[in-house]
**Student:** 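Starting off with a structure, shown below.
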Amino acid sequence: MKKIQILAMVISSLFITSCESTTYQDISAVVTNPTYSKNVEPVISTKCTGCHSGGNEFPDLENYDQVKESSKTGKLLCKIKGECGQIMPTSGKMPQATIDMIQLWATNDYPN
C-alpha cells in the first residue's frame, strides 16, 4: 500500500511541477502504431494548418493526401526536426515525442 501511495505522489508531482502543455506530451506513452486520423492530424491541425491552408503558405497541409505528400518529399519532417532552414512551427520546435510519432507514421507507410 505504501508503494502505491509513493507512486501516486510521484505521478501527481509530475503534473503539478509544470503546467506547460508540451510536458504532458513529452512524458506520455509512446505511440507505437500512429495513424493519420488518430495521431497525426490533430497535431497538424493544431500546429500547422493555421498558416498552411488555403494557399497562404506552401505546402497546404489541410488533409491526409497533402500531409502525406509533404512527408514523402521529406519537407515536413525536415522542417519540424529543424534540419533544413527555419524550424516549423515558427512558435518553436515540437516535443521530440511528437516528432518521433510523425516519423514513425511515415516509416509505417502513412496509415490513415
Side-chain angles (χ1 to χ4, degrees):
M1 182 68 171
K2 196 169 196 172
K3 287 182 182 181
I4 293 173
Q5 289 173 331
I6 292 171
L7 181 60
M9 287 176 28
V10 169
I11 291 172
S12 64
S13 70
L14 290 173
F15 295 102
I16 295 170
T17 303
S18 176
C19 294
E20 185 177 335
S21 63
T22 59
T23 304
Y24 172 75
Q25 201 164 18
D26 286 338
I27 64 171
S28 63
V30 174
V31 177
T32 55
N33 294 306
T35 65
Y36 176 77
S37 58
K38 185 175 180 183
N39 308 103
V40 177
E41 192 277 331
V43 172
I44 298 297
S45 178
T46 302
K47 299 287 188 179
C48 307
T49 57
C51 295
H52 291 273
S53 62
N56 291 327
E57 291 286 334
F58 181 80
D60 278 343
L61 299 172
E62 297 175 272
N63 59 51
Y64 171 80
D65 291 329
Q66 292 170 338
V67 175
K68 179 180 175 181
E69 183 61 30
S70 184
S71 186
K72 278 187 157 187
T73 64
K75 292 178 183 175
L76 177 70
L77 286 163
C78 181
K79 289 290 191 174
I80 65 173
K81 288 179 179 181
E83 296 174 345
C84 56
Q86 184 181 14
I87 193 163
M88 292 289 159
T90 57
S91 61
K93 190 173 183 180
M94 290 185 210
Q96 191 60 46
T98 302
I99 295 169
D100 292 345
M101 181 271 298
I102 294 171
Q103 176 69 62
L104 183 59
W105 171 72
T107 301
N108 289 347
D109 202 26
Y110 315 97
N112 196 1

**Student:** So N56 and C51, do their side chains get closer than 4.5 Å, heavy atoms only?
**Tutor:**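 They are not in contact (no side-chain heavy atoms under 4.5 Å apart), so the answer is no.
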**Student:** Testing N33, V31, N39 for side-chain contact (heavy atoms from CB on, under 4.5 Å) with T35, which one passes?
**Tutor:**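 The residue from N33, V31, N39 that satisfies side-chain contact (heavy atoms from CB on, under 4.5 Å) with T35 turns out to be N39.
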**Student:** Using modelled atom types and a 3.5 Å cut-off, is there a donor and acceptor pairing between side-chain atoms of S53 and backbone atoms of D60?
**Tutor:**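 No: the side chain of S53 does not pair with the backbone of D60.
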**Student:** Does any part of the side chain of Q103, heavy atoms only, come nearer than 4.5 Å to the side chain of T107, both counted from C-beta?
**Tutor:**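 With C-beta onward as the side chain, the pair touches.
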**Student:** Decide whether V67 and M88 are clustered together by the hydrophobic rule: side chain heavy atoms of Ile, Leu, Val, Met, Phe, Trp, Tyr closer than 4.5 Å, transitively.
**Tutor:**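 In one cluster: no.
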**Student:** Rounded at 0.5 Å granularity, tell me how far CG in L61 sits from CD in E41.
**Tutor:**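 These two atoms lie 11.0 Å from each other.
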**Student:** Can you tell me how far the CD atom of Q96 sits from the NZ atom of K81, to the nearest 0.5 Å?
**Tutor:**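 Those atoms lie 8.0 Å apart.
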**Student:** Quick one, M101 and V43 - any side-chain contact, counting heavy atoms below 4.5 Å?
**Tutor:**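 A side-chain contact exists here, since the closest heavy-atom pair is under 4.5 Å.
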**Student:** Within the structure provided, determine whether I102 and P34 are in side-chain contact (heavy-atom separation under 4.5 Å).
**Tutor:**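 Sidechains of P34 and I102: no contact.
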**Student:** If two hydrophobic side chains count as joined below 4.5 Å and joins carry through other members, does L77 share a cluster with Y36?
**Tutor:**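 L77 and Y36: one cluster.
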**Student:** How far does CG of L76 sit from OG of S71, to the nearest 0.5 angstrom?
**Tutor:**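 The CG atom of L76 sits 5.5 Å away from the OG atom of S71.
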**Student:** After noting the C-alpha distance and the side-chain angles of Y110 and K72, does the key distance pass the side chain to side chain contact (heavy atoms under 4.5 Å, CB included) rule?
**Tutor:** CA-CA 9 Å; Y110 315 97; K72 278 187 157 187; 3.3 Å; yes
**Student:** Are P59 and K75 packed together at the side-chain level, in the sense that at least one heavy-atom pair is separated by less than 4.5 angstrom?
**Tutor:**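 No - every pair of side-chain heavy atoms lies 4.5 Å or more apart.
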**Student:** Same cluster or not: are I44 and I99 linked, directly or through other Ile, Leu, Val, Met, Phe, Trp or Tyr residues, by side-chain heavy atoms under 4.5 angstrom apart?
**Tutor:**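 I44 clusters together with I99.
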**Student:** So do the side chains of M94 and C48 get within less than 4.5 Å of each other, counting heavy atoms only?
**Tutor:**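 They are in side-chain contact.
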**Student:** Is there a donor-acceptor pair under 3.5 Å between the side chain of W105 and the backbone N or O of P111?
**Tutor:**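 Side chain of W105 to backbone of P111: a pair is present.
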**Student:** Could you go through the side chain to side chain contact (heavy atoms under 4.5 Å, CB included) check for S37 and Y64 one step at a time?
**Tutor:** CA-CA 8 Å; S37 58; Y64 171 80; over 6 Å; no
**Student:** Counting C-beta onward and ignoring hydrogens, is there a side-chain heavy-atom pair between T98 and P95 closer than 4.5 Å?
**Tutor:**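 They are in side-chain contact.
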**Student:** Can you tell me how far the OG1 atom of T49 sits from the CD atom of E57, to the nearest 0.5 Å?
**Tutor:**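 Output value for this atom pair is 13.0 Å.
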**Student:** Is there a donor-acceptor pair under 3.5 Å between the side chain of E69 and the backbone N or O of D65?
**Tutor:**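 No.
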**Student:** Let me confirm one number: the NZ-OG1 distance from K68 to T73, rounded to the nearest 0.5 Å.
**Tutor:**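 It comes to 12.5 Å.
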